[in-house]
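Just so you know, ligand 1 is whichever comes first in the structure, and atom 1 is the first atom listed for that ligand.
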Amino acid sequence: MLDFHSHILPEIDDGAQNVDESITMLKMLKDQGVNTVALTSHFIAMDESPAEFLENRKKSYELLLTEIQKSEDSLPKLLLGAEVYYYPGITKMEELSSLTLGDTNLLLLEMPMAPWGEYTIKELIDFANFSDIRIVIAHIERSLKFQKRDTIDRLLDNDILLQSNASFFYSRKTKRKALKMFNEGKIHFLGSDCHNIKYRPPKIDEAINVIKEKFGLDSVKEFFEYQKNFL
Ligand SMILES: [Fe+2]
(Lines give C-alpha, C1' and ligand atoms only; values in the text may rest on other atoms or scores of the structure.)
Protein backbone atom coordinates (compact mmCIF):
# COMPACT_ATOMS: atom_id res chain seq x y z
CA MET A 1 0.00 0.00 0.00
CA LEU A 2 1.31 3.38 -1.03
CA ASP A 3 0.71 6.72 0.66
CA PHE A 4 1.31 9.12 -2.19
CA HIS A 5 1.18 12.42 -0.31
CA SER A 6 2.68 13.24 3.08
CA HIS A 7 4.48 15.94 5.01
CA ILE A 8 6.51 13.60 7.17
CA LEU A 9 9.97 15.02 6.52
CA PRO A 10 10.95 16.94 9.66
CA GLU A 11 11.52 20.66 10.02
CA ILE A 12 11.08 21.56 6.38
CA ASP A 13 7.51 22.77 5.87
CA ASP A 14 4.29 22.91 7.86
CA GLY A 15 4.53 19.13 8.37
CA ALA A 16 6.40 17.21 11.08
CA GLN A 17 7.94 19.63 13.56
CA ASN A 18 10.71 17.29 14.60
CA VAL A 19 12.14 13.92 13.73
CA ASP A 20 10.36 12.13 16.59
CA GLU A 21 7.07 13.19 15.12
CA SER A 22 8.21 11.93 11.70
CA ILE A 23 9.03 8.51 13.13
CA THR A 24 5.69 8.29 14.93
CA MET A 25 3.87 9.18 11.72
CA LEU A 26 5.75 6.49 9.81
CA LYS A 27 4.93 3.91 12.48
CA MET A 28 1.26 4.87 12.32
CA LEU A 29 1.24 4.34 8.56
CA LYS A 30 3.07 1.03 8.86
CA ASP A 31 0.44 -0.16 11.35
CA GLN A 32 -2.21 0.69 8.78
CA GLY A 33 -0.57 -1.54 6.18
CA VAL A 34 1.33 1.13 4.27
CA ASN A 35 4.64 -0.15 2.93
CA THR A 36 5.71 2.81 0.80
CA VAL A 37 5.42 6.51 1.62
CA ALA A 38 5.99 9.45 -0.69
CA LEU A 39 7.63 12.33 1.15
CA THR A 40 6.08 15.31 -0.60
CA SER A 41 7.16 18.47 1.21
CA HIS A 42 5.80 21.75 -0.10
CA PHE A 43 7.80 23.43 -2.83
CA ILE A 44 6.72 27.01 -3.52
CA ALA A 45 8.81 28.72 -6.17
CA MET A 46 8.07 32.15 -4.71
CA ASP A 47 9.75 31.17 -1.43
CA GLU A 48 12.83 29.29 -2.61
CA SER A 49 14.69 28.06 -5.66
CA PRO A 50 14.56 24.36 -6.58
CA ALA A 51 18.24 24.09 -5.58
CA GLU A 52 17.52 25.54 -2.14
CA PHE A 53 14.54 23.24 -1.71
CA LEU A 54 16.59 20.18 -2.67
CA GLU A 55 19.33 21.15 -0.25
CA ASN A 56 16.85 21.63 2.60
CA ARG A 57 15.12 18.38 1.71
CA LYS A 58 18.42 16.53 1.72
CA LYS A 59 19.23 17.79 5.23
CA SER A 60 15.80 16.88 6.50
CA TYR A 61 15.97 13.42 4.90
CA GLU A 62 19.39 12.76 6.41
CA LEU A 63 18.07 13.71 9.83
CA LEU A 64 15.20 11.26 9.34
CA LEU A 65 17.45 8.46 8.07
CA THR A 66 19.75 8.77 11.07
CA GLU A 67 16.78 8.34 13.36
CA ILE A 68 15.35 5.47 11.33
CA GLN A 69 18.65 3.61 11.66
CA LYS A 70 18.35 3.84 15.44
CA SER A 71 14.78 2.62 15.38
CA GLU A 72 14.10 -1.07 15.85
CA ASP A 73 10.75 -0.95 14.09
CA SER A 74 10.39 -1.86 10.48
CA LEU A 75 9.16 1.26 8.73
CA PRO A 76 7.75 1.88 5.25
CA LYS A 77 10.02 2.43 2.29
CA LEU A 78 10.47 6.13 1.53
CA LEU A 79 10.34 7.97 -1.77
CA LEU A 80 11.58 11.54 -1.96
CA GLY A 81 9.32 13.95 -3.76
CA ALA A 82 7.65 17.32 -3.53
CA GLU A 83 4.25 18.91 -3.62
CA VAL A 84 4.90 21.59 -6.17
CA TYR A 85 2.68 24.65 -6.08
CA TYR A 86 1.48 25.75 -9.49
CA TYR A 87 2.07 29.22 -10.88
CA PRO A 88 1.37 30.33 -14.46
CA GLY A 89 4.42 29.39 -16.49
CA ILE A 90 5.74 26.77 -14.05
CA THR A 91 5.96 24.20 -16.83
CA LYS A 92 8.80 26.25 -18.33
CA MET A 93 10.86 25.83 -15.17
CA GLU A 94 13.96 23.89 -16.18
CA GLU A 95 14.48 22.16 -12.85
CA LEU A 96 11.00 20.66 -12.76
CA SER A 97 12.32 17.17 -13.40
CA SER A 98 14.38 17.36 -10.19
CA LEU A 99 11.12 17.58 -8.25
CA THR A 100 9.53 14.35 -9.49
CA LEU A 101 8.94 11.46 -7.11
CA GLY A 102 11.83 9.07 -6.48
CA ASP A 103 12.97 7.52 -9.76
CA THR A 104 9.60 8.08 -11.40
CA ASN A 105 8.45 10.81 -13.78
CA LEU A 106 5.51 11.71 -11.54
CA LEU A 107 5.15 15.31 -10.46
CA LEU A 108 2.70 16.08 -7.67
CA LEU A 109 1.22 19.44 -8.56
CA GLU A 110 -0.84 21.52 -6.16
CA MET A 111 -3.32 23.75 -7.94
CA PRO A 112 -4.83 27.01 -6.69
CA MET A 113 -8.19 26.70 -4.97
CA ALA A 114 -9.96 28.85 -7.53
CA PRO A 115 -11.24 28.47 -11.08
CA TRP A 116 -8.13 27.68 -13.11
CA GLY A 117 -8.92 29.52 -16.30
CA GLU A 118 -8.26 28.43 -19.86
CA TYR A 119 -4.60 29.51 -19.86
CA THR A 120 -3.82 27.22 -16.95
CA ILE A 121 -5.77 24.26 -18.30
CA LYS A 122 -4.07 24.61 -21.68
CA GLU A 123 -0.67 24.93 -20.00
CA LEU A 124 -1.22 21.63 -18.18
CA ILE A 125 -2.49 19.87 -21.28
CA ASP A 126 0.33 21.15 -23.50
CA PHE A 127 2.86 20.09 -20.90
CA ALA A 128 1.27 16.67 -20.59
CA ASN A 129 1.54 16.21 -24.34
CA PHE A 130 5.08 17.41 -24.85
CA SER A 131 6.92 16.48 -21.68
CA ASP A 132 8.13 13.19 -20.25
CA ILE A 133 6.97 14.33 -16.85
CA ARG A 134 3.58 13.01 -15.80
CA ILE A 135 1.47 15.44 -13.79
CA VAL A 136 -0.45 14.19 -10.77
CA ILE A 137 -2.89 16.80 -9.46
CA ALA A 138 -2.75 16.85 -5.66
CA HIS A 139 -5.95 16.42 -3.60
CA ILE A 140 -8.22 16.82 -6.61
CA GLU A 141 -11.27 16.96 -4.36
CA ARG A 142 -10.33 20.49 -3.28
CA SER A 143 -10.50 21.69 -6.87
CA LEU A 144 -13.71 20.09 -8.06
CA LYS A 145 -16.14 22.78 -6.99
CA PHE A 146 -14.13 25.55 -8.67
CA GLN A 147 -13.85 23.99 -12.11
CA LYS A 148 -16.19 23.64 -15.05
CA ARG A 149 -17.68 20.19 -15.39
CA ASP A 150 -15.57 19.12 -18.32
CA THR A 151 -12.22 20.38 -17.00
CA ILE A 152 -11.35 17.23 -15.08
CA ASP A 153 -12.27 15.05 -18.06
CA ARG A 154 -10.09 17.16 -20.33
CA LEU A 155 -7.15 16.59 -17.98
CA LEU A 156 -7.85 12.86 -17.80
CA ASP A 157 -8.12 12.66 -21.58
CA ASN A 158 -4.59 14.03 -21.74
CA ASP A 159 -3.17 11.44 -19.35
CA ILE A 160 -2.96 13.74 -16.36
CA LEU A 161 -3.35 11.73 -13.18
CA LEU A 162 -5.32 12.57 -10.05
CA GLN A 163 -4.52 12.07 -6.38
CA SER A 164 -7.12 12.33 -3.66
CA ASN A 165 -6.69 12.59 0.05
CA ALA A 166 -7.91 9.75 2.23
CA SER A 167 -10.39 12.15 3.88
CA PHE A 168 -12.26 12.47 0.56
CA PHE A 169 -13.34 8.87 1.16
CA TYR A 170 -13.97 8.82 4.87
CA SER A 171 -15.60 12.21 5.27
CA ARG A 172 -19.37 11.69 5.33
CA LYS A 173 -19.99 14.72 3.13
CA THR A 174 -17.75 13.65 0.25
CA LYS A 175 -17.71 9.85 0.48
CA ARG A 176 -20.31 9.32 -2.27
CA LYS A 177 -18.48 11.55 -4.71
CA ALA A 178 -15.15 9.88 -3.86
CA LEU A 179 -16.53 6.40 -4.45
CA LYS A 180 -18.11 7.49 -7.74
CA MET A 181 -14.79 8.89 -8.97
CA PHE A 182 -12.95 5.80 -7.78
CA ASN A 183 -15.40 3.55 -9.61
CA GLU A 184 -14.92 5.59 -12.80
CA GLY A 185 -11.14 5.16 -12.52
CA LYS A 186 -10.61 8.86 -11.93
CA ILE A 187 -8.54 8.50 -8.77
CA HIS A 188 -5.06 7.18 -9.46
CA PHE A 189 -3.34 7.73 -6.13
CA LEU A 190 -4.40 8.01 -2.53
CA GLY A 191 -2.56 10.10 0.04
CA SER A 192 -2.93 10.75 3.74
CA ASP A 193 -1.56 14.30 3.28
CA CYS A 194 -0.58 13.95 6.93
CA HIS A 195 1.12 16.94 8.53
CA ASN A 196 1.39 15.95 12.18
CA ILE A 197 0.12 13.52 14.79
CA LYS A 198 -2.59 15.67 16.29
CA TYR A 199 -4.59 17.67 13.79
CA ARG A 200 -3.73 16.13 10.43
CA PRO A 201 -2.57 12.63 11.34
CA PRO A 202 -1.67 9.79 8.99
CA LYS A 203 -5.02 8.15 8.45
CA ILE A 204 -5.31 6.18 5.27
CA ASP A 205 -6.83 2.92 6.53
CA GLU A 206 -10.26 4.46 6.96
CA ALA A 207 -10.35 5.38 3.29
CA ILE A 208 -9.29 1.86 2.33
CA ASN A 209 -12.06 0.42 4.48
CA VAL A 210 -14.64 2.62 2.77
CA ILE A 211 -13.48 1.42 -0.65
CA LYS A 212 -13.32 -2.18 0.52
CA GLU A 213 -16.85 -2.04 1.91
CA LYS A 214 -18.24 -0.68 -1.33
CA PHE A 215 -16.25 -2.49 -3.99
CA GLY A 216 -14.54 -5.37 -2.18
CA LEU A 217 -10.97 -6.26 -1.35
CA ASP A 218 -10.07 -7.16 -4.93
CA SER A 219 -10.67 -3.64 -6.17
CA VAL A 220 -8.41 -2.27 -3.41
CA LYS A 221 -5.72 -4.74 -4.43
CA GLU A 222 -6.15 -3.80 -8.07
CA PHE A 223 -5.82 -0.11 -7.22
CA PHE A 224 -2.47 -0.56 -5.48
CA GLU A 225 -1.30 -3.05 -8.07
CA TYR A 226 -1.96 -0.48 -10.82
CA GLN A 227 0.25 2.05 -9.01
CA LYS A 228 3.22 -0.29 -9.18
CA ASN A 229 3.37 0.43 -12.92
CA PHE A 230 4.59 3.91 -12.10
CA LEU A 231 7.15 3.08 -9.43
FE1 LIG B 1 0.06 18.41 1.01
Side-chain angles (χ1 to χ4, degrees), residues 1-19 21-26 28-29 32 34 36-48 50 52-54 56-57 60-61 64 76 78-87 90 93 96 98-102 104 106-114 116 120 124 133-147 152 155 160-171 174 178 181 187-208 227 230-231:
M1 227 160 92
L2 165 68
D3 181 351
F4 196 79
H5 184 156
S6 80
H7 298 270
I8 287 175
L9 277 183
E11 302 170 28
I12 185 168
D13 60 4
D14 58 344
Q17 292 300 295
N18 54 60
V19 75
E21 188 164 41
S22 307
I23 297 284
T24 306
M25 289 160 90
L26 286 171
M28 288 167 81
L29 284 171
Q32 292 170 37
V34 172
T36 308
V37 177
L39 303 169
T40 52
S41 308
H42 288 289
F43 169 74
I44 303 170
M46 253 182 356
D47 297 344
E48 59 188 340
E52 284 166 334
F53 170 78
L54 293 173
N56 290 336
R57 191 182 67 176
S60 172
Y61 186 53
L64 180 57
L78 305 177
L79 299 172
L80 274 179
E83 179 180 11
V84 177
Y85 192 68
Y86 172 86
Y87 64 87
I90 192 171
M93 191 170 85
L96 218 45
S98 65
L99 300 173
T100 51
L101 180 70
T104 76
L106 301 173
L107 183 83
L108 185 63
L109 192 64
E110 181 178 27
M111 298 302 292
M113 294 227 291
W116 295 338
T120 292
L124 298 184
I133 296 175
R134 196 97 189 257
I135 296 172
V136 184
I137 307 274
H139 33 61
I140 188 62
E141 67 276 14
R142 289 192 197 167
S143 300
L144 296 176
K145 66 176 175 188
F146 297 109
Q147 314 311 326
I152 303 302
L155 299 181
I160 289 172
L161 300 164
L162 307 179
Q163 177 258 317
S164 93
N165 282 359
S167 57
F168 190 33
F169 286 89
Y170 64 70
S171 153
T174 56
M181 284 184 73
I187 304 289
H188 305 96
F189 295 100
L190 196 61
S192 66
D193 198 5
C194 56
H195 279 65
N196 48 52
I197 300 165
K198 238 182 171 178
Y199 305 107
R200 296 180 72 179
K203 206 163 78 171
I204 205 162
D205 53 347
E206 282 190 37
I208 305 293
Q227 298 178 352
F230 297 99
L231 301 177

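In this structure a side-chain-to-backbone donor-acceptor pair under 3.5 Å is missing from E110 to Y86. Under a 3.5 Å cut-off, the side chain of Q163 and the backbone N or O of F4 do not form any donor-acceptor pair. Panel note: side chain E21, backbone I197; a donor-acceptor pair is recorded below 3.5 Å.
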Residue pair H139, E83: steps toward the side chain to side chain donor-acceptor pair (under 3.5 Å) verdict: CA-CA 10 Å; H139 33 61; E83 179 180 11; 3.0 Å; yes

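Legend: residues meeting side chain to side chain donor-acceptor pair (under 3.5 Å) with D13, ordered by chain and number and at least two apart, are H7.
Considering all non-hydrogen atoms of both residues, E48 and H42 come closest at OE2-O, 4.2 Å.
Of all protein N/O/S atoms, those under 2.8 Å from the Fe ion (ligand 1) are H5 NE2, H7 NE2, E83 OE1, D193 OD1, and waters are not counted.
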